[in-house]
A.B. asks: 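Take a look at this one; I'll ask things after.
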Amino acid sequence: MLAQDFLQRIFRPAVLGLSAYKVADASNLIKLDAMENPYHWPDSVIDAWLATMRNCELNRYPDPEAQKLSAVIRSTNSIPETSGVLLGNGSDEIIQLLLMALPQNSVVLAPEPGFVMYKQVAVSLELNFLGVPLLPHSFELDLPKMLEVIRLHQPSLIFLAYPNNPTGNLFDADAIKAIIQAAPGMVIIDEAYAPFADSSYMSVVSDYPNVLVMRTVSKLGLAGLRLGYIVGHATLINELNKLRLPYNINILTQASAHFALTHPDIFAQQILNIREQRSLLLAALNALEGITAYPSAANFILFRTPANQATRVFENIKQHGVLIKNLAHAGGLLQDCLRVTIGTAAENTQFLHALKHSL
Ligand SMILES: *Cc1c(COP(=O)(O)O)cnc(C)c1O
């Protein structure tokens, strides 16, 4: 038996107080819970990809700078030439790296509800995480409140997801600009859903030295590879690069992502389909009595059930074979809310059928 005081002696209280990030078991269920692209590749593309895998020397360490992949990421993302780029094992790793760089007792600010890893990692590192609630209904930034918290607490880092997860909206541009100008530290614009949105801050990184734009290939359709990247002032990227473990992007990820990003036609039609399905699903959800669905610039839709029904509806939908995400237990603005990832046309039809029979 491990004595409790043993744990308390060897681990920081912040670690003991955490809960591990839980991922629901999706076996035998239609998986619409994790913002994955539902489409895999045609056989001919898989064959071409497997041919490139032949050249991977698994006995060797990967290129620590992932130079070939970085070059493709630069060109496919229109990254300003003078900006720095850092690659991470998913953007989750970059979030961890950013926060590891901050001084002790730093304040980290993000609107809430937002992406859960911002708070999870900040708390694990014993940083002071401050969440400012979004405005009800519109899920817009509460600009006066954000500016007040910035003035009072001088956050070292501010996260703004654009579009936001789990609400799906793009925050107002003037509000973001005011926050960037008031921020005493770094502002991270998290563009995890860039493939599904029509607006981006990538070109803005050259205008503001404190703005960094973070993206990932996960939602595009390569969640299994674990690859994210962050773009910003070369001097900031250099500092962050000191904390990066040397071989964080493995050789299979480097080669596979390089292959995929040099074959952009793989994703073009998939993204179009997902965006088309998004409008159809939004309309179908809002046509259901008792359901309010919110417009989304991402590959998911947040919707509200009748009061205190969300968990029951979620469980019923699961009984019908479809896994979505229950956000009701988060409380606050997410009370009565569920989130569904846009799937294939057939999956979305099954989800709607399940929902109708679950209300
Ligand atoms: C999914 C998501 C991420 C994490 O992406 P990975 O690259 O898969 O780690 C980051 N930010 C937001 C807002 C997300 O929704």
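Remember, it's 1-based here, ligands and their atoms both numbered in the order they're listed. This chain uses plain numbering: 1 for the first residue, then up along the sequence.
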A.B. asks: If you have a sec, work out which protein heavy atom is nearest atom 15 (O) of ligand 1 and how many Å separate them, to one decimal?
C.D. replies: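 Protein heavy atom at minimum distance: Tyr193 OH, 2.6 Å.
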A.B. asks: Tell me which part of Lys219 gets within contact of ligand 1: side chain, backbone, both or neither, using heavy atoms under 4.0 Å.
C.D. replies: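 It is the side chain that gets close, since no backbone atom is under 4.0 Å.
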A.B. asks: List every atom of ligand 1 that sits less than 4.0 Å from any heavy atom of Ser218, numbering the atoms from 1 in the order shown and giving each element.
C.D. replies: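 Near Ser218, the atoms of ligand 1 are 6 (P), 7 (O), 8 (O).
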A.B. asks: Tell me whether Asn241 contacts the main-chain N or O of Ile237 through its side chain, where contact means a donor paired with an acceptor under 3.5 Å.
C.D. replies: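 Checking the backbone N and O of Ile237 against the side chain of Asn241, no donor-acceptor pair under 3.5 Å is found.
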A.B. asks: Could you walk me through whether Phe267 and Tyr39 pass the ring-ring contact (aromatic ring centres under 6.0 Å, His included) test, one step at a time?
C.D. replies: CA-CA 9 Å; Phe267 301 109; Tyr39 303 104; over 10 Å; no
A.B. asks: Is there a nitrogen or oxygen of Arg226 sitting under 3.5 Å from a nitrogen or oxygen of ligand 1?
C.D. replies: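 There is such a contact, yes.
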A.B. asks: CD1 of Ile73 to CG of Leu86: how many Å apart, nearest 0.5 Å?
C.D. replies: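 Interatomic distance, Ile73 CD1 to Leu86 CG, rounded to 0.5 Å: 10.5 Å.
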A.B. asks: With heavy atoms of Gly90 as the reference, note each atom of ligand 1 found under 4.0 Å away.
C.D. replies: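 Reading through ligand 1 atom by atom, the close ones are 7 (O), 9 (O).
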A.B. asks: For Gln269 and Asn273, does a side-chain donor sit closer than 3.5 Å to a side-chain acceptor?
C.D. replies: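 Gln269 vs Asn273: donor-acceptor pair found between side chains.
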A.B. asks: Mind checking whether Ser91 has a heavy atom under 4.0 Å from ligand 1?
C.D. replies: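 Contact present.
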A.B. asks: Less than 3.5 Å apart, any donor N or O on the side chain of Asn77 or Tyr229 sitting next to an acceptor on the other?
C.D. replies: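 Yes, because at least one side-chain N or O of Asn77 sits under 3.5 Å from a partner of the opposite role on Tyr229.
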A.B. asks: Check whether any side-chain heavy atom of Lys325 lies under 4.5 Å from a side-chain heavy atom of Leu32, and answer yes or no.
C.D. replies: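 No, too far: nothing below the 4.5 Å cut-off.
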A.B. asks: Do any heavy atoms of Glu93 fall under 4.0 Å from ligand 1?
C.D. replies: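 So Glu93 does not count as touching ligand 1.
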A.B. asks: What protein heavy atom sits nearest atom 12 (C) of ligand 1, and how far off is it?
C.D. replies: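 Closest protein heavy atom to atom 12 (C) of ligand 1: Asp190 OD2, 3.3 Å.
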A.B. asks: Taking 4.0 Å as the limit for heavy-atom contacts, which would you say applies to Asp92 with ligand 1: side chain only, backbone only, both, or neither?
C.D. replies: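 Both of them.
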A.B. asks: Ignoring hydrogens and angles, tell me if any N or O in the side chain of Asn326 forms a donor-acceptor pair with the backbone of Phe314 under 3.5 Å.
C.D. replies: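 Not at all, since once roles are kept as given, no pair shorter than 3.5 Å links the two residues.
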